[in-house]
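On a predicted model such as this, the values are computed, not experimentally measured, just so you know.
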Number of protein chains: 2
Amino acid sequence: MVLLFARYVSMSETTTQPGDATSAAWSRLIRVPQVLLAQTEAALRDEGLPPLGWYDALVALRRAGEAGIRPFELQRELGLEQYNISRLLDRMVAKGAVQRRRCDADARGQVVRITAEGRAMLNRMLPVYRGAVRRHFADRLGPGDAAALAQILARLEGG
Amino acid sequence: MVLLFARYVSMSETTTQPGDATSAAWSRLIRVPQVLLAQTEAALRDEGLPPLGWYDALVALRRAGEAGIRPFELQRELGLEQYNISRLLDRMVAKGAVQRRRCDADARGQVVRITAEGRAMLNRMLPVYRGAVRRHFADRLGPGDAAALAQILARLEGG
DNA sequence: TGGAGTTAGATGCGGGCGCATCGAAGTTCA
DNA sequence: TGAACTTCGATGCGCCCGCATCTAACTCCA
């Protein structure tokens, strides 16, 4: 992962304050999650597990159960572009984590279903993922930090 | 950008609490900066400007001034992999933003220097970047949020 | 009912990244 | 001094993304 510093953006045209809180917060907000993500991905890779992107997809697929799910529903749920779902599913099929089958109700479409291997993969990913999150994130926060962080970040969502 | 949800990771094997603050904070910490980054990149792209990665590089190059800087120094300063610097410089040279010249002191190496076009590019990037940060980030925070955010994120750095 | 518009999904192309490796030049040390 | 090691920087390869576009099938409405 290319780690952006997103270093110092002065927020004012006139009064330049390199060390102001907004710049520091912005820079860290860009950089810290990149590092956390890289650490988490590395933990998964070290265990021979697929990247984190598969996690969300596998969780959604497991929730869909035996009935399966249409790719476009998965797409909306995961917030991915259509071609990314198409190719993610290609890769997951290739690894045996999901099955594609034709959709009886819509001949254009298909239904994807998690396989036993997919469930097993998710079960192997979870502790590794959880361990990385705990080690690199949860354990480093002070009491109240998680709630405060969640609250502040909520203000930045949806817009 | 593929937006990871990094949805819900239960932090405990036994007591599963889907809505707990740690999971919410983690999920948002992964997702929010991805969205902010995408919005910022989009703002730059809309203005025909290069991606944000160039910003840090151009700032470092401008700081180096006429003396220029060795690629390996730039690499360390930006925290990029060696091959990423090599290729970033390729692209920047191709766009006329920097010049490569041989290094008299070390025949293996080279010195890179920002050009007038590079400075102009940086000057065009800055207001667009700053505007996006203000709009999508600074203006959405409450008083004290930036400082609190910076402080919490600082705890997650360097490890 | 049939033509226009929409929706599901795949894919060709170019670009950037990560990995591994390479060659050239510098450094170290016996 | 010269052989082993390190450092600087480039690059081939495969993978994944974003963009644009395509085909096929579905829906809507006159």
### Message
Return a single string for nucleotides 3-10 of chain D, one symbol per nucleotide in 5' to 3' order, where B is base contact, S is sugar-phosphate-only contact and - is none, cutoff 4.0 angstrom on heavy atoms.
### Response
----BSBB
### Message
With a 4.0 Å limit, can you tell me whether R91(A) has a side-chain N or O closer than that to the phosphate oxygens OP1/OP2 of dC15(D)?
### Response
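Negative; the distance criterion is not met.
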How close or far is atom [atom2] of [N] from atom [atom1] of [X], stated in whole angstroms?
| X | N | atom1 | atom2 | result |
| --- | --- | --- | --- | --- |
| R45(A) | dC16(D) | CZ | P | 12 Å |
| L88(B) | dG15(C) | CG | C1' | 13 Å |
| D104(A) | dA25(D) | CG | P | 15 Å |
| E41(B) | dG15(C) | CD | C1' | 14 Å |
| W54(A) | dC15(D) | CH2 | P | 13 Å |
| L52(A) | dC17(D) | CG | C1' | 17 Å |
| E81(A) | dA8(C) | CD | P | 14 Å |
| N84(A) | dC19(D) | CG | P | 10 Å |

### Query
Would R102(B) and Q110(B) count as having a side-chain donor-acceptor pair, cut-off 3.5 Å?
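Result is no, nothing qualifies.
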### Task
Return the set of residues passing side chain to side chain contact (heavy atoms under 4.5 Å, CB included) with A132(A) (not counting sequence neighbours), or none when no residue passes.
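With sequence neighbours excluded, A132(A) shows a side chain to side chain contact (heavy atoms under 4.5 Å, CB included) to T40(A), A43(A), R135(A), H136(A), given in chain and number order.
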### Task
Between A105(A) and P51(A), name the one whose nearest nucleotide on DNA chain D is closer to the 5' end.
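First, find each residue's nearest nucleotide; the 5'-ward one identifies P51(A).
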### Query
Got a sec, which pairs hit salt bridge (Lys or Arg N to Asp or Glu O under 4.0 Å) with one end in residues 116-128 of chain A, sequence neighbours left out?
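Sorted pair list: E66(A)-R119(A).
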### Task
Considering only NZ, NE, NH1 and NH2 on the basic side and carboxylate oxygens on the acidic side, decide whether D106(B) and R70(B) come within less than 4.0 Å.
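A salt bridge links D106(B) with R70(B).
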### Query
Is the shortest side-chain N to carboxylate O distance from R63(B) to E77(B) below 4.0 Å?
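Judged by the 4.0 Å cut-off on N to carboxylate O distance, R63(B) and E77(B) do form a salt bridge.
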### Query
Around atom CD of E73(A), are there more than 12 heavy atoms of other residues, nucleotides or ligands at under 6.0 Å?
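Yes.
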